[in-house]
Visitor: 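Would you mind keeping the following structure in view while I ask a few things?
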Protein chains: 2
Amino acid sequence: MRAAAEQAAQALRDEILSGAIPSGARLGEAELAGRLSVSRTPIREALSRLAAEGLVEIQPNRGARVASWSSEQLRDIFELRLRLEPYAVRQAVPNLDAEQIAELDELAAEMMRVGKPGRNQNLAAIVELNRRFHGLFIDAAGSPPLAQALRGVTHAAVVTQNFHDYAPAALLRSLHHHVEMVAAARAGAGEWAEAIMRAHLYNARATMIGHGPEEAGAQEATTGRGSEGAGAQEATTGRGSEGAGAQEATTGHATTMGVRA
Amino acid sequence: MRAAAEQAAQALRDEILSGAIPSGARLGEAELAGRLSVSRTPIREALSRLAAEGLVEIQPNRGARVASWSSEQLRDIFELRLRLEPYAVRQAVPNLDAEQIAELDELAAEMMRVGKPGRNQNLAAIVELNRRFHGLFIDAAGSPPLAQALRGVTHAAVVTQNFHDYAPAALLRSLHHHVEMVAAARAGAGEWAEAIMRAHLYNARATMIGHGPEEAGAQEATTGRGSEGAGAQEATTGRGSEGAGAQEATTGHATTMGVRA
DNA sequence: TCACGAAAAGTTGTATGCAATCCTTGCCAT
DNA sequence: ATGGCAAGGATTGCATACAACTTTTCGTGA
């Protein structure tokens with residue numbers, strides 16, 4: 001897979017993560033092919049890749065849609081992140097060189113800048129910055145299997161984590177966590193960074209899906225629980241999508257994207 | 001993706017997991033297409049899927065190979081499994097119904113049968129049984145994100161875990177773990193099952209890659225560590241592969257498959 | 001003899017055409 | 001009026017043809 005397919009995948013990734021294409025929206029192959037000026041073949045390739053990353057869901061003979069997550073799945077995702085990401089950060093800290101720490105510093109600072117309440121608060125920009133921030137730590141952990149396991153859920157969660165639902169106080173906490181994490185990394189204190197990451201995730205989870213692990217009364221007697229069948233229940237989110245006018249959609253931030261129920 | 005592609009993916013998965021196709025072997029699209037009697041298109045689709053699962057590695061413009069893991073990656077994989085799979089088992093236990101427990105029982109018993117030392121010890125069969133055993137627990141945990149994260153590493157590890165390297169005593173321990181896990185599940189004792197799974201993984205890791213976490217002296221100053229570039233360093237494992245004579249290869253168990261360095 | 005380079009063969013990447021499946025719309029019977 | 005059914009349209013899945021890249025091989029010159 002190269003040039004066309006990779007490019008198409010990246011374009012779609014950006015559009016999805018930025019919210020230009022709302023979650024649940026249908027992704028017709030012909031439409032995408034026309035819009036991105038490539039054939040359907042690389043489009044299919046790209047959709048496969050994004051499906052593997054968890055960004056889109058493919059149903060046989062029925063096309064692809066932008067993925068969406070139930071609040072239950074969201075709980076699962078955070079449970080997973082809590083189990084892996086603090087560990088990843090601890091492993092990463094000793095591996096970080098000066099350049100990487102500088103980049104983390106820059107990212108954290110930039111997020112503080114664009115996230116500061118008031119006008120010209122650019123929440124959409126945070127999504128991408130945040131993704132790079134977490135991604136840098138994950139890569140630096142130096143464990144490809146760990147990175148692969150986390151990629152999907154950070155993508156997924158980050159998309160959902162559209163920061164629009166953040167209460168101002170929680171958002172500020174989150175941004176300060178980033179800064180503190182950089183400080184911990186610079187000090188070479190892996191366990192410090194790990195602790196902050198854990199707090200970071202708890203904070204995010206609390207705003208995302210009511211707080212607490214809800215450990216008790218969790219099973220609620222869902223008998224078999226048929227593995228993982230496609231659970232996209234008619235999420236046809238607007239978007240008439242006549243002609244090739246997808247440009248102006250880029251500006252509109254989706255408000256409650258990702259969360260299904 | 002359906003019929004042809006799914007079928008091709010399953011066929012390749014089986015051949016890889018059973019060891020019929022040795023790790024590191026090249027997977028030419030044309031050859032596979034001819035052998036499985038489908039076009040190259042579904043083959044590419046299948047390879048993409050398997051790459052997402054971590055079973056094959058794709059290098060742009062250079063084709064696909066059966067994945068192989070360095071002993072360092074193997075350590076990473078077990079670190080990941082240790083972090084996720086015991087938890088998965090604990091979550092799964094309350095969800096298991098009688099039928100599933102019966103199936104687990106059957107699988108554990110069957111593994112004891114075919115794994116018992118002596119002649120007609122069928123090690124190849126254990127790989128598949130073991131995969132189903134672990135997979136059943138993982139699915140029953142009821143967390144699609146968790147399942148996806150684990151799928152890759154259990155696949156990978158199970159492939160490597162070809163049981164040929166097991167010392168007889170370690171293999172027996174492993175088989176007894178399965179039986180005990182079923183007992184714990186039947187008793188509804190999630191924490192018991194969790195503990196056994198943890199021991200199970202430690203035991204596997206010890207035979208796989210020298211024991212111990214090797215926590216100290218782990219960083220060994222690998223400076224940048226360029227994210228995740230393709231690190232398949234000429235693993236051209238024999239297999240002249242003239243003509244379409246891939247049938248007889250099905251019988252030969254690869255002896256030290258998966259482990260690269 | 002070795003190194004460098006170019007051509008050729010083989011393989012992957014992309015585009016397009018056709019077949020199969022699914023969804024929609026309209027009609028008919030109850 | 002509502003439910004079921006069939007035909008049409010639209011979309012996905014697969015196959016094949018062509019283009020681009022990579023690797024190998026053979027030849028030439030130092």
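Naming: A, B, ... by sequence-line order, numbering from 1 per chain.
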Visitor: What's the shortest heavy-atom distance between B:Val56 and B:Leu47, and which atoms?
Guide: CG2-O, 3.6 Å

Visitor: Report the residue (B:Glu29 or B:Thr41) whose heavy-atom-nearest nucleotide on DNA chain C is the more 5′ of the two.
Guide: B:Glu29

Visitor: Roughly, in whole Å, what's the span from CZ in B:Arg40 to C1' in D:dC18?
Guide: 11 Å

Visitor: CD of A:Glu110: more than 12 outside heavy atoms within 6.0 angstrom?
Guide: yes

Visitor: Side-chain N or O of B:Arg26 versus OP1/OP2 of C:dT12: is the shortest distance under 4.0 Å?
Guide: yes

Visitor: If I take atom CG in residue A:Leu47 and atom C1' in nucleotide C:dT14, what distance separates them, rounded to the nearest angstrom?
Guide: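 Roughly 16 Å, once rounded to whole Å.
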
Visitor: Hey, which sits more toward the 5' end of DNA chain C by its nearest nucleotide, A:Val38 or B:Ala30?
Guide: B:Ala30

Visitor: Between atom CG in A:Leu32 and atom C1' in D:dT11, what is the gap in whole Å?
Guide: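 In whole Å, D:dT11 C1' lies 13 Å from A:Leu32 CG.
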
Visitor: Using atom CG of A:Leu27 as one end and atom P of D:dG13 as the other, report the distance to the nearest whole Å.
Guide: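 It works out to 13 Å between those atoms.
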
Visitor: Counting only side-chain N and O atoms of B:Arg44, is one of them less than 4.0 Å from OP1 or OP2 of C:dT12?
Guide: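 Checking C:dT12 against B:Arg44, no side-chain N or O comes under 4.0 Å of OP1 or OP2.
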
Visitor: Could you give the CD-to-P distance, from A:Glu45 to C:dA15, as a whole number of Å?
Guide: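 To the nearest whole Å, that distance equals 12 Å.
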
Visitor: Within the side chain of B:Asn95, is there an N or O that forms a donor-acceptor pair under 3.5 Å with the backbone of B:Ala140?
Guide: yes

Visitor: Among the nucleotides D:dC14, C:dT14, D:dT12, which one has an atom lying closest to any side-chain atom of B:Ala3?
Guide: D:dC14

Visitor: Without decimals, in angstroms, what is the distance between A:Asn61 CG and D:dT12 C1'?
Guide: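 Interatomic distance, CG of A:Asn61 to C1' of D:dT12: 6 Å.
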
Visitor: So, does the side chain of B:Arg62 form a donor-acceptor pair with the base of C:dG13 at under 3.5 Å?
Guide: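 No pair found.
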
Visitor: What is the distance, rounded to the nearest whole Å, between atom CG of A:Leu36 and atom C1' of C:dT14?
Guide: 15 Å

